[in-house]
Colleague: 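If you scroll down you'll find the structure; I have some questions about it.
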Amino acid sequence: MTTTTLSTALPAEHRERLMRVAREVSIVSGERLFEEGRRADRFWIVRTGTVVLDLHVPGRRAVTLESPGHGELVGWSWHFPPYRWQLGAEALSPVRAWEFDAEAVRSLCAQDPDLGRVIATWVGRVVAHRLHASRVRLLDLYAPYGSGSPV
């Protein structure tokens, strides 16, 4: 497990506070969770199944960048103004997840700065991880010699 999964990124007390505002959802295979550029008003933690994160590339099909699975955060744009999705996401398989209302979580973070710091650190790690994964994937697809990473 990486430090980007919920169970390793948040200490138990903060994880428990966050989970109080979660709701269980089921997402059918092929359903779009969000579209690049639209309002980011929620996020998910995958329980089962896989979600595909994709990026619109002008003149081409959307590029799959990463496939978060069990325990991983789907959606980080809710955390940063102007709260617009930077990527798109689709359920690759049936997904069970915990869904969180972004405004409720931001409110929790404002009320408890320690929780806010822990969540901000977690989301920052996810963003850094996804940025690196996106870079490697785009280099593999479009650079003359790929990324040079053994993927």
Side-chain angles (χ1 to χ4, degrees), residues 1-58 60-138 140-141 151:
M1 265 191 220
T2 68
T3 58
T4 59
T5 60
L6 179 66
S7 62
T8 58
L10 272 65
E13 70 180 76
H14 293 112
R15 194 169 50 244
E16 288 168 14
R17 285 228 37 226
L18 180 63
M19 292 308 295
R20 287 184 202 144
V21 297
R23 76 181 190 101
E24 290 186 49
V25 296
S26 294
I27 304 159
V28 298
S29 180
E31 183 178 338
R32 297 291 293 176
L33 281 76
F34 51 87
E35 296 291 342
E36 190 175 338
R38 296 215 177 132
R39 188 170 150 257
D41 60 354
R42 68 196 70 203
F43 64 95
W44 300 262
I45 304 297
V46 176
R47 297 178 64 204
T48 62
T50 304
V51 174
V52 171
L53 300 177
D54 55 36
L55 175 69
H56 174 74
V57 178
R60 298 180 183 251
R61 289 185 358 197
V63 173
T64 296
L65 297 174
E66 194 170 15
S67 301
H70 176 73
E72 292 188 276
L73 173 67
V74 174
W76 52 262
S77 300
W78 65 273
H79 198 280
F80 303 102
Y83 310 120
R84 296 278 172 205
W85 295 117
Q86 299 299 308
L87 302 170
E90 182 175 311
L92 181 64
S93 64
V95 172
R96 289 182 39 224
W98 288 295
E99 184 178 83
F100 298 84
D101 176 78
E103 194 171 310
V105 175
R106 288 193 300 264
S107 180
L108 274 178
C109 292
Q111 293 167 17
D112 181 348
D114 196 38
L115 174 66
R117 180 187 51 76
V118 168
I119 288 178
T121 300
W122 171 44
V123 172
R125 282 186 186 132
V126 170
V127 171
H129 172 80
R130 300 256 161 85
L131 179 61
H132 177 75
S134 298
R135 179 181 172 272
V136 168
R137 178 74 173 128
L138 291 173
D140 283 342
L141 289 172
V151 181

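Any value given below was found using the heavy atoms of this structure, including those in side chains, with hydrogens, waters and symmetry copies removed. Start at 1 with the first residue, then count along the sequence. This is a predicted model, so every value here is computed, not measured.
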Colleague: Heavy atoms only: give me the nearest A91-V28 pair and the separation to one decimal.
Modeller: CB-O, 3.4 Å
Colleague: Apply side-chain contact (heavy atoms from CB on, under 4.5 Å) to residues I45 and V74 and explain how you reach the verdict.
Modeller: CA-CA 6 Å; I45 304 297; V74 174; over 6 Å; no
Colleague: Keeping to residues at least two apart or across chains, list the side chain to side chain donor-acceptor pair (under 3.5 Å) pairs with something in residues 94-104.
Modeller: R23-E99, W44-E99
Colleague: Sort and list the pairs that fulfil salt bridge (Lys or Arg N to Asp or Glu O under 4.0 Å) and have at least one residue in residues 80-91, not counting sequence neighbours.
Modeller: R32-E90
Colleague: Does V105 have any side chain to side chain contact (heavy atoms under 4.5 Å, CB included) partners at least two apart in sequence or in another chain, and if so, which?
Modeller: L18, V21, F43, W78, F100, C109, I119
Colleague: In the structure I gave you, are the side-chain heavy atoms of H56 and E35 within less than 4.5 Å of one another anywhere?
Modeller: no
Colleague: Is the closest side-chain heavy-atom distance between D54 and V63 below 4.5 Å?
Modeller: no
Colleague: How close do W76 and Q86 get, counting heavy atoms only, and between which atoms?
Modeller: CH2-CG, 3.3 Å
Colleague: Should V51 and S67 count as side-chain neighbours, where that means a heavy-atom distance under 4.5 Å?
Modeller: no
Colleague: Show the numbers, then the answer: is there a side-chain contact (heavy atoms from CB on, under 4.5 Å) between V123 and L73?
Modeller: CA-CA 8 Å; V123 172; L73 173 67; 4.3 Å; yes
Colleague: Which residues pass the side-chain hydrogen bond (donor to acceptor under 3.5 Å, both in side chains) test with E16, sequence neighbours left out?
Modeller: none
Colleague: Taking only residues two or more places apart in sequence, or in another chain, which ones meet D114 in a side chain to side chain contact (heavy atoms under 4.5 Å, CB included)?
Modeller: H14, D112, R117
Colleague: Can you name the residues that form a side chain to side chain contact (heavy atoms under 4.5 Å, CB included) with L55, not counting sequence neighbours?
Modeller: E36, L65, L87, L138
Colleague: Report the distance from atom CG of L10 to atom CZ of R17, rounding to the nearest 0.5 Å.
Modeller: 11.5 Å
Colleague: For S93, enumerate each residue passing the side-chain hydrogen bond (donor to acceptor under 3.5 Å, both in side chains) test, keeping only those at least two apart in sequence or located in another chain.
Modeller: none
Colleague: Residues two or more places apart in sequence or in another chain: which of them pass side chain to side chain contact (heavy atoms under 4.5 Å, CB included) with A110?
Modeller: none
Colleague: Establish, for the pair R106 and Y83, whether the NZ or CZ atom is under 6.0 angstrom from the six-membered ring centre and no further than 45 degrees off its axis.
Modeller: yes
Colleague: Hey, are the side chains of T50 and V95 touching, using non-hydrogen atoms and a 4.5 Å cut-off?
Modeller: no
